[in-house]
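Input: a single structure, listed below in structure tokens.
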Amino acid sequence: MAAVDTAQKETSSVALPGLGRALMSAGKLTQKSAEDIYKKSQAGRTSFIAELTGSGAVSASDLAHTVSAVFGAPLLDLDAIDPLRLPKDLLDAKICSAYRVVVLSKRNNRLIVATADPTDQEAAEKIKFTTQMGVDWIIAEYDKLSRLVESSTKSTSESMDTLISGGGDFEFDDIAIEEATESADTGTEVEDAPIVKFLHKMLLDAFNMRASDLHFEPYEHQYRVRFRIDGELREIASPPIAIKDKLASRIKVISRLDISEKRVPQDGRMKLKVGPDRVIDFRVSTLPTLFGEKIVIRILDPSSAKLGIDALGYEAVEKERLLAAIGRPYGMVLVTGPTGSGKTVSLYTCLNLLNKPGVNIATAEDPSEINLPGVNQVNVNEKAGLTFAVALKSFLRQDPDIIMVGEIRDLETADISIKAAQTGHLVLSTLHTNDAPTTLTRMRNMGIAPFNIASSVILITAQRLARRLCPICKTPADIPHEALVDAGFPEDEIDGSWVTYRPVGCSACNNGYKGRLGIYQVMPITEEIQRIILRDGSALEIAEQAKLEGVRSLRDAGLHKAKLGLTSLEEVLAVTNE
């Protein structure tokens, strides 16, 4: 730095920027060359560094290496950076574009920022003032940095600005949305072509990215679109806030919802036709928030119910227990787990196996998510008085063989379901409980008599969805012996004959994961467990007996998947409790 100060004193009346003085001190520029380049940049209203690299006086690569050496700052090759994985919303895109900087990460209360000119005090002060965080510079080549800035700041917001003004070029030749017949008084608001194209693009992108849900979220000064991919939400677009009402109206029209009602939640459906013989269903839910209606669209792929039980990830013993239960003529099979754990797909996979010409199947759901030809599906409508209990009573007069109840929520529904299971019907349903043993005590707490539980429930499946490791980039994880024991692996199994893997991340996956797999606890209700239920035993007693009978807990089932290298230990610990 002393050399830089000396160069500053020797400089003529032209006030060269700090970068020019640094290059002079390193012998990369003469004083005259630096002054000439600076004068050109001033005359052309360009930055000194842009004029410097553009004139060929110093190459971008040579400049980056020199600056890194002079200022002692780390040098980074931006070709190794994936723009999609850069953090968003930490620094305004206009600042990034104006000062040619890119935020790489955040550490505590400091930003790690890539720049080609660490002497730019104006940029540093602007970033500090805007973010209220300190700045640590990382040196990058100016040409690569410029390209990355352009690709990072050219967001969907800009595309939407073009769309709103009537521009844009989106082709959807093989895609059509089946829409409701729109009334004449709908107005031009929902007929706005740019909004239609944007919605089509979001739906198509979500399908291609294997997303399970789309979130359209309005806030006071921004609007964002997020996709849930492999169980994690990722921000995809930030269109202008002005789009929120038009987009909400468009979604409501094609979902057959009331576009004039913005004060209460609404639920609807729509379809996306992909190719000549494939249609994807979407379940739409609107929710009034402080700054507009949040809309969540869930993708319901009917083909997922036809993949077969093998595709769900059941182990051989678990699969055998489940098939034996649904093959019985009567009784109740319960699937439990939190929202988004794949319960619906599991139930419909079972229904698909049972769906034969000689069987009468009826379902009551809120709402029906997957259309299955040959199955009589009923949507529950609380406002109209069509509750689960009312639907079940009607089913019993319709000569059913198999009944599927979307969810047992109250005592009346549970009571009718149990009576159906006791009188010659196979009943499939779901409950929101943590695992299989606690399902039985949950039913007891609802007010169901122990005798009715023991005589009707024949099997309970608890499940979770864990992210599947990418087979291309996963790498062995060096996990200490103590950590494996703490996670739940028995001492005698940690013998070095197997290894766990960790995520890495590559162009073919999402941060090291690609897709999801099921973790299951399949617990048949045996005579011993029935005795525990009849004497009003606790969930702990039931869990101990189930373990003696070879039923894995959810944690043990997850550890087995990690042992096979299908998922990581961290993911198993995140989705299961012990």
Less than 4.5 Å apart, any side-chain heavy atom of [X] and any of [Y]?
X	Y	value
His560	Ile519	no
Ile525	Ile458	no
Glu365	Val380	no
Leu199	Phe216	yes
Met443	Met332	yes
Asn511	Pro503	no
Tyr348	Thr344	yes
Val390	Thr387	yes

Step through the shown structure and confirm whether more than 12 heavy atoms of other residues, nucleotides or ligands are within 6.0 Å of CZ on Phe291.
-> yes
Are the charged groups of [X] and [Y] less than 4.0 angstrom apart, N to O?
X	Y	result
Lys561	Glu315	yes
Asp213	Arg298	yes
Arg531	Glu528	yes
Glu217	Arg226	yes
Asp267	Arg283	no
Asp281	Lys271	yes
Arg502	Glu571	no

Measure the spacing between [atom1] of [X] and [atom2] of [Y] and express it to the nearest 0.5 Å.
X	Y	atom1	atom2	value
Thr576	Asp556	OG1	CG	9.0 Å
Met202	Ile297	CE	CD1	11.0 Å
Phe227	Arg234	CZ	CZ	10.0 Å
Lys294	Leu287	NZ	CG	7.5 Å
Leu322	Ser346	CG	OG	8.0 Å
Lys514	Cys470	NZ	SG	6.5 Å

Compute whether any side-chain donor of one residue and acceptor of the other, for [X] and [Y], lie under 3.5 angstrom apart.
X	Y	value
Tyr513	Arg468	no
Glu549	Thr526	yes
Thr461	Gln463	no

Give me the atom names and distance for the closest heavy-atom approach of [X] to [Y].
X	Y	value
Ile448	Ala414	CD1-CB, 3.4 Å
Asn434	Leu554	O-CD1, 3.5 Å
Leu559	Ala487	CD1-O, 3.7 Å
Ala421	Val427	N-CG2, 3.8 Å
Lys474	Gly565	NZ-O, 2.7 Å
Tyr501	Pro476	CD2-N, 3.5 Å

Do Ser394 side-chain atoms and Ala391 backbone N/O form a donor-acceptor pair below 3.5 Å?
-> no
Ignoring hydrogens and angles, tell me if any N or O in the side chain of Thr439 forms a donor-acceptor pair with the backbone of Asp435 under 3.5 Å.
-> yes
side-chain hydrogen bond (donor to acceptor under 3.5 Å, both in side chains) filter on Asn355, not counting sequence neighbours, yields none
Distance-only donor-acceptor pairs under 3.5 Å for side chains of residues 396-408, two or more places apart:
| residue | atom | partner | partner atom | Å |
| --- | --- | --- | --- | --- |
| Asp401 | OD2 | Asn360 | N | 2.8 |
| Glu407 | OE1 | Arg409 | NE | 3.4 |

